[in-house]
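Order of the sequence lines fixes the chain letters, A, B, ..., with proteins taken first and strands second; residue numbering starts at 1 for each chain.
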There are 2 protein chains.
Amino acid sequence: MSEAISGSMEDYLETVYQIVQEHQVARPKDIGKALGVTGPSVTKALRWLADHGFIHYAPFELVTLTEKGEKAAKQVVRKHEALRDFLVRVLAVEAKEADEAACKLEHALSPDILERFIQYADFVDTCPRNRGKCFERFAWHCNQNQTTSDNCETCVGESLDNVRQKKQKKDDAGTKPALLKNMLPGFKGRIAQLSHRTSIGQRLSEMGIETGAVIEVEKVTGEGDMIQIKIKAYHLSLRKEEAAHIRVNPL
Amino acid sequence: MSEAISGSMEDYLETVYQIVQEHQVARPKDIGKALGVTGPSVTKALRWLADHGFIHYAPFELVTLTEKGEKAAKQVVRKHEALRDFLVRVLAVEAKEADEAACKLEHALSPDILERFIQYADFVDTCPRNRGKCFERFAWHCNQNQTTSDNCETCVGESLDNVRQKKQKKDDAGTKPALLKNMLPGFKGRIAQLSHRTSIGQRLSEMGIETGAVIEVEKVTGEGDMIQIKIKAYHLSLRKEEAAHIRVNPL
DNA sequence: TGACATTATTAGTCGTATTTAATTATATTA
DNA sequence: TAATATAATTAAATACGACTAATAATGTCA
């Protein structure tokens, strides 16, 4: 009675509601088909829903919603429809795609934010200042360039990298241990920590090199894949991935 | 290598990325604290991420992102930020709430629809026709009436009921089996199916009444809780919930 | 270096949601 | 009415994501 309804139980309830709308009564087979699950999953879900007072259910008998179940189902259906509505009317997403997306989103949306979505969709329709004119432009624009995910995937990396570079600089200036991987030629520092289990860690260990040894970066090659260091009497060439396991304190 | 990354693994990856941004290196304890999970959960997640090539990880050693991991993490971070951005700038959701909501939503959003969200947020900022004027109105409106979820919960039931009524009528007109529960006084039909396990089903069974018997609805009481029927020589009064288990074919 | 506190890992368990395989109930047909 | 087909059930198994308790590794301080 007290446990909260889970996302998947909401799905079952919603499906029962929709099938009851159409056929008066829901049968496990149809529920399973609608949700893409097998019979036993449905049986279990129905028993849970019955135990918690959402449906009338007895083995081999007809399945219908209780008052409580109908109310709960309507809330779920409402969420679903509101989201789909938003996606279609505001974001100009294609109907089928919007429906599928709404299915996944509906369980992750808090009631308050759901209301915002609804209000916004209404607002777009009724705002006296532009009466949809402005938003039609958006829909049109969306349908013109179908590039969607492609044209932004590349630039995002760069923009995030920029943020990172900035932070990097700040850290470099400080005295915090840094990763050898990120150091530039001319850097000089002391090993703060190294991983004995990694290949490079073992190589260094075998040479008797441990925490505290002074290390110098000599060269970083073209694509940034290799880094050449000098340590004690040795000159070593490391892959950046190896260098990711060594922390250094700048001197 | 082939299995898809799950929602929670994305969370771990995102967290590792963010901690690496700040401290060069991520430690299990901090990851756990950031995600609100215990140590062992982190260990398991890290092993999965390492097995699938997202991070460099060996027990007790430093954790850093691989190339693949960094790329994947950036995608996740981008999703998160884009969603939060949308919620804050377009839907005028309060920053902290938006951040939490974005956490939950980000795993349920397809790339294509995510792009729509981003495009729309940009559109709102740059649309030359209103230059934000119109959307400020929405934000203002949201902050005026804090009613959000309350004022709509009631009407939704009604609107859904309307849809249902319409479908109901259509079905009633046809010859499909209907639920006795939904029949009105004067209805005459034949029992199509009944549940022997329910109390009313047993009562009827005991009277020797089975599928095919002719049934007549005499009266439906006030609040619609009871339904009076005539069957063979008997007059019976049923609760609607009982009547939900009997299907009838109209004559 | 040794003892201690901190942190990380392993092993075992729980709850949810699903599956397959085998069983039982109902419906259909000869 | 018996034989068969369809559907629903139970039981046992798998996967995932989290937990607790016990064990092991590491870093620190005297």
*What residues form a side chain to side chain contact (heavy atoms under 4.5 Å, CB included) with Glu67(A), not counting sequence neighbours?*
none

*asked:* Applying side chain to side chain contact (heavy atoms under 4.5 Å, CB included), can you list everything that pairs with Thr43(B), at least two apart in sequence or on another chain?
replied: Tyr57(B)

Atom [atom1] of [X] and atom [atom2] of [Y]: how far apart are they, to the nearest 0.5 Å?
X: His56(B); Y: Leu62(B); atom1: NE2; atom2: CG; result: 11.0 Å
X: Gln21(A); Y: Leu65(A); atom1: CD; atom2: CG; result: 8.5 Å
X: Leu91(A); Y: Leu114(B); atom1: CG; atom2: CG; result: 10.5 Å

Using nucleotides 6-8 of chain D, report all nitrogen or oxygen pairs with the protein that are shorter than 3.5 Å.
| unit_1 | atom_1 | unit_2 | atom_2 | d |
| --- | --- | --- | --- | --- |
| dA7(D) | OP1 | Lys29(A) | NZ | 3.1 |
| dA8(D) | OP2 | Lys29(A) | N | 3.0 |

How many Å lie between [atom1] on [X] and [atom2] on [N], as a whole number?
X: Trp48(A); N: dA17(C); atom1: CH2; atom2: P; value: 8 Å
X: Leu35(A); N: dT19(C); atom1: CG; atom2: P; value: 10 Å
X: Leu46(A); N: dT18(C); atom1: CG; atom2: P; value: 12 Å
X: Leu62(A); N: dA27(C); atom1: CG; atom2: P; value: 10 Å
X: His23(B); N: dT7(C); atom1: NE2; atom2: P; value: 14 Å
X: Asp11(A); N: dA17(C); atom1: CG; atom2: P; value: 10 Å

Report each atom pair, protein N/O against N/O of nucleotides 18-22 of chain D, whose distance is under 3.5 angstrom.
| unit_1 | atom_1 | unit_2 | atom_2 | d |
| --- | --- | --- | --- | --- |
| dA18(D) | OP2 | Tyr12(B) | OH | 3.4 |
| dC19(D) | OP2 | Thr38(B) | N | 2.9 |
| dC19(D) | OP2 | Thr38(B) | OG1 | 2.9 |
| dC19(D) | OP2 | Ser41(B) | OG | 2.9 |

*Give me the ring orientation class for Phe86(B) and Phe117(B): parallel if the planes are under 30° apart, tilted from 30 to 60°, perpendicular past 60°.*
perpendicular

Run the side-chain donor-acceptor check on residues 26-36 of chain B: report pairs under 3.5 Å with partners two or more places apart or on a different chain.
none

*Which residue pairs satisfy the side chain to side chain donor-acceptor pair (under 3.5 Å) criterion with at least one member in residues 95-109 of chain A, sequence neighbours excluded?*
Glu10(A)-His107(A), Asp11(A)-His107(A), His80(A)-Asp99(A), His80(A)-Glu106(A), Arg84(A)-Asp99(A)

*Are OP1 or OP2 of dT9(C) and a side-chain N or O of Arg47(B) less than 4.0 angstrom apart?*
no

